[in-house]
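Structure record follows, encoded as structure tokens.
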Amino acid sequence: MTSDPLPSIEELFEKATEFDSLEKAKKFLGEIGKNHPELGKRLEVLLEGHFDADDFLSSTPDPEVQLIPDKEDIEGYRLMELIGEGGFGHVWLAEQRNPFKRKVALKILKPGLDSHQVIARFEAEQQALALMEHPNISRIIEGGTTKKGRPYFVMEWVDGIPITDYCMEHRLKIEELLRLILDVCDAVRHAHQKGIIHRDLKPSNILVGMAGDDPVVKVIDFGIAKALQQNLTDKTLHTRLDQFIGTPDYMSPEQTRRGGADVDTRSDIYSIGAILYQLITGQPPLQLKEESREDSDRIRQLIREKEPLKPSSQIRRTKSRIRRNDVGGDSERLIQPAIKKSIRKDLDWIVMKALEKDRSRRYESASALASDIQRYLDRLPVEAGAPDWLYRIQRYYQRNRTSVHTSFIVFIILCGAFLLNLQMVQIANRAQQNSAEAHNKAIETLNQLRNAKRQLQITSYSTYLASADTAIRAKAYSDARNYLD
């Protein structure tokens, strides 16, 4: 009896990536790892890269896994240092040899990941970069294939660090920080004009380097970019329905929908708002790292429904935790001293408008967001403002439907009890009023009887006197007067 042949690494990887977490994928490949240790180890490394939420320049590859191409494999380039890896590619710091020498970043597809979908995504990233020419976007130089047939492309080398690290290390004032965000907005505006949505803006994909004494912002990694008006590759790109498109801490609510198809340029505006929030407060708006990454449905729900605190409120809470020693030893660096005194309601409004759950209430473009930031810097009234009371009520209802419905039912019951009690009081008052009226009527009748008796007595006296002599009448009148008196 012959056993079924083992599927290829490509087929196994494709099946494993259909799961929504690394742990589930590892369980799926468990038996294969027991029977084929080398294949299992290789698949595990590839899966860790695939499920890694960090940027392709922020992770450190496993030095024990030999997935590195021959340094002479790519003609015209000398690979110098492996600087990172993502789900599908390694990124090298390389030296271009001709037509002139310079440092570049070279991204090459990982061995074994030459499936249709992976190559399509790789080509789409190249095409997205090729469409753009902006000083704040890392530009592509060229692309090709290695001698072993693995696709690669060469990008401008950005000698910088994530924007959050740069702002923290240089202790930037709020005005300096916002000017960096203005450059980010300009780069994103350019991408949107070219019909490209980044979909994965986060601090590690926004690097800040130096050009002389001036900081220079570079937006990188268009690996999951989406084109609005054209195809980025001739191959068909397919997104699994349960797959996250973006990084949860910075992804917009609409990106959490299954398949992530209903996304427009305002999704990038939300991500910029989340980055600005972190620059100001020292932490992302929703702090999803506290949640289990395995519970993707719970994370989606939080992104859609959980409202972040205003930046100024978050800073006050963090300062309170620092005073209570509830956070680590480096907690003082969470909030920059120059920023603590600079938070104003205008800046709160700008950030919260960019982070609106309802995208129709966000800034309509990167230019609109940049314009409001510039108005803040110029000490002019900003276009963003505090939400009106009706919108606050609507948002509260959307977040607390069950409690609102319960409260409404309790309110109806209380109103019914109040109306019933009011009716009983009215009946009692009416009965009391009727009793008083009957009492008054009885008194009135009694007085009428007394008056009738008096009148009868007077009439009787008058009749008697009419038949009596004068002396008797005089005496009768005198007696009657005395009686009446």
So, do [X] and [Y] sit near enough that their side-chain heavy atoms are less than 4.5 Å apart?
X: Leu309; Y: Tyr277; answer: yes
X: Arg78; Y: Arg97; answer: yes
X: Ile206; Y: Pro162; answer: no
X: Pro248; Y: Ile303; answer: yes
X: Val217; Y: Leu207; answer: no

**Study point:** Distance in Å, Ile181 CD1 paired with Cys167 SG, rounded so as to fall on 0.5 Å steps
**Key:**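 The CD1 atom of Ile181 sits 7.0 Å away from the SG atom of Cys167.
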Review point. Cation-pi between Arg379 and Tyr376: NZ/CZ under 6.0 Å from ring centre and within 45° of the ring axis?
Key: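 Satisfied, under 6.0 Å and within 45°.
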Check your understanding: Has Lys353 got its NZ or CZ under 6.0 Å from the middle of the six-membered ring of Tyr363, at an angle within 45 degrees of the ring axis?
Key ->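 Output yes; distance and angle both within limits.
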Practice item. Under the side chain to side chain contact (heavy atoms under 4.5 Å, CB included) rule, what do Arg189 and His134 come out as? Steps first, then yes or no, please. Key: CA-CA 10 Å; Arg189 174 198 57 79; His134 191 276; 4.2 Å; yes
If the threshold is 4.0 Å, N to carboxylate O, is there a salt bridge linking [X] and [Y]?
X: Arg361; Y: Asp358; value: no
X: Lys202; Y: Asp200; value: yes
X: Arg304; Y: Glu254; value: no
X: Arg362; Y: Glu356; value: no

Taking all non-hydrogen atoms of both residues, which atom of [X] and which atom of [Y] are closest, and how far apart?
X: Pro135; Y: Val216; answer: O-CG1, 4.5 Å
X: Lys357; Y: Leu286; answer: NZ-CD1, 4.0 Å
X: Ser138; Y: Ile220; answer: CB-CG2, 3.7 Å
X: Met352; Y: Pro311; answer: SD-CD, 4.0 Å

Point to revise | Residue pair Leu129, Arg139: steps toward the side chain to side chain contact (heavy atoms under 4.5 Å, CB included) verdict | key: CA-CA 6 Å; Leu129 288 170; Arg139 59 188 177 86; over 6 Å; no
Exercise for review: Evaluate side-chain hydrogen bond (donor to acceptor under 3.5 Å, both in side chains) for Gln374 paired with Asp378, printing each intermediate quantity in order.
Suggested key: CA-CA 6 Å; Gln374 189 61 58; Asp378 294 339; 3.1 Å; yes
**Study point:** Ile141/Val104 under side chain to side chain contact (heavy atoms under 4.5 Å, CB included): CA gap, chis, key distance, verdict
**Key:** CA-CA 9 Å; Ile141 297 174; Val104 295; 3.6 Å; yes
Practice item. Hey, can you tell me if Tyr152 and Tyr77 have their rings parallel, tilted or perpendicular (30° and 60° cut-offs)? Key: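 Ring orientation, 0 to 90° scale: perpendicular.
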Exercise for review: Count the heavy atoms of every other residue, nucleotide or ligand shown that sit under 6.0 Å from CD of Glu176, and state whether that count exceeds 12.
Suggested key: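 Yes, because the 6.0 Å sphere around CD of Glu176 holds more than 12 heavy atoms from other groups.
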**Study point:** Name of the residue among Glu125, His90, Gln126 meeting side chain to side chain donor-acceptor pair (under 3.5 Å) with Lys107
**Key:**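 Checked Glu125, His90, Gln126 against Lys107; only one passes side chain to side chain donor-acceptor pair (under 3.5 Å): Glu125.
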**Study point:** Side-chain donor or acceptor of Thr281 paired with backbone N/O of Gln283 under 3.5 Å
**Key:**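 Looks like yes, one N/O pair under 3.5 Å.
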Check your understanding: Of Ile373, Asp346, Leu347, which is the lone residue that meets side-chain contact (heavy atoms from CB on, under 4.5 Å) with Val382?
Key ->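 Exactly one option meets the side-chain contact (heavy atoms from CB on, under 4.5 Å) with Val382, and it is Asp346.
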